[in-house]
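This chain uses plain numbering: 1 for the first residue, then up along the sequence. What's counted below: heavy atoms across the whole structure, side chains too, no hydrogens, waters or symmetry copies. Bear in mind that the values here come from a model prediction, so they are computed numbers and not experimental data.
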Amino acid sequence: MTLAVGGGLVVAGAVVALVHSAMNSVEDSIALPPRSEAPYSEPYEEEPAPEPTATEPDVREDVTIIGCTRDPSIGWQSAKVKVVNGSSTTASYTIMMEFLDKEGVRVAEGGAGVVDLEPGGSAVRKAQGVGEVPPGTTCRISDIWRTPSGSAD
């Protein structure tokens, strides 16, 4: 009986040693990279975007809704927008639209874009909403981005 108990302890010890060895190798394979020696720095605050100047008008002045219609066959709303580049550089525009029911609740969204519009240039685009909306839905610009673009000479 003593031999059986002794043999069992040897086997148990071998299993513990094997598990310990396996755990060490797994721990080494998932170890985190060494900690950076770079000094800690406080989080920075982003500087606010500059206000439009007299020479660079507000981007909202560049975009006008010239049409707002609901497709009678599928019930989807769209807006026609005219973009006139009022900046002094070639720019691309992203225009986001929202479509509102009679109570003023947003029922759909859409968007349009213009790429590389020269200063003073104009373009007309359709901002297509996605999804059926009720009759009487109106169009409103929700956001506009003007980004300088084109090649630098």
Subject >> Closest approach of R60 to S142 (non-hydrogen atoms, all atoms of both residues) >> reply: NH2-O, 3.4 Å
**OP:** Measure across A108 and V133 and return the closest heavy-atom pair with its distance rounded to 0.1 Å.
**Re:** CB-CG1, 3.7 Å
**OP:** Flag the pair V124 / K80 as yes when at least one side-chain heavy-atom distance between them is below 4.5 Å, and no otherwise.
**Re:** yes
Original post:
Taking C-beta and beyond as the side chain, do R140 and L100 meet within less than 4.5 Å on heavy atoms?
Top reply: yes
**OP:** Compare every heavy atom of Q128 with every heavy atom of S78, then report the nearest pair and how far apart it is.
**Re:** CB-OE1, 3.7 Å
Original post:
What residues form a side-chain hydrogen bond (donor to acceptor under 3.5 Å, both in side chains) with E132, not counting sequence neighbours?
Top reply: none
**OP:** Any chance you could measure N85, atom CG, to S92, atom OG, to the nearest 0.5 Å?
**Re:** 9.5 Å
Original post:
Can you name the nearest heavy-atom pair linking C139 to A79, along with the distance?
Top reply: SG-CB, 3.8 Å
Subject >> Closest approach of T89 to P148 (non-hydrogen atoms, all atoms of both residues) >> reply: OG1-CB, 4.3 Å
Original post:
Can you tell if the side chain of V84 reaches within under 4.5 Å of the side chain of D62, non-hydrogen atoms only?
Top reply: no
Subject >> Taking every non-hydrogen atom, the tightest pair across W145 and M96 >> reply: CZ3-CG, 3.3 Å
Original post:
Atom NZ in K126, atom OG1 in T69: separation rounded to 0.5 Å?
Top reply: 6.5 Å
Original post:
Quick one: CG on D143 to OG1 on T94, what's the gap to the nearest 0.5 Å?
Top reply: 9.5 Å
Subject >> From CD (Q77) to CG (D101), nearest 0.5 Å >> reply: 11.0 Å
Original post:
Is there side-chain contact between K102 and P134, with heavy atoms separated by less than 4.5 Å?
Top reply: no
Original post:
In Å and rounded to the nearest 0.5 Å, what is the CE to CD1 distance from M97 to I141?
Top reply: 5.5 Å
**OP:** Verify the cluster assignment for V105 and F99: are they in a single hydrophobic cluster under the rule of side-chain heavy atoms below 4.5 Å apart?
**Re:** no
Original post:
Distance from E98 atom CD to T138 atom OG1, nearest 0.5 Å?
Top reply: 9.0 Å
**OP:** Using the test side-chain hydrogen bond (donor to acceptor under 3.5 Å, both in side chains), find all partners of T137 that sit at least two apart in sequence or belong to another chain.
**Re:** none
Subject >> Residue pair S149, D116: steps toward the side-chain hydrogen bond (donor to acceptor under 3.5 Å, both in side chains) verdict >> reply: CA-CA 6 Å; S149 64; D116 295 339; 2.7 Å; yes
Original post:
Do S87 and R146 touch side chain to side chain, with heavy atoms closer than 4.5 Å?
Top reply: yes
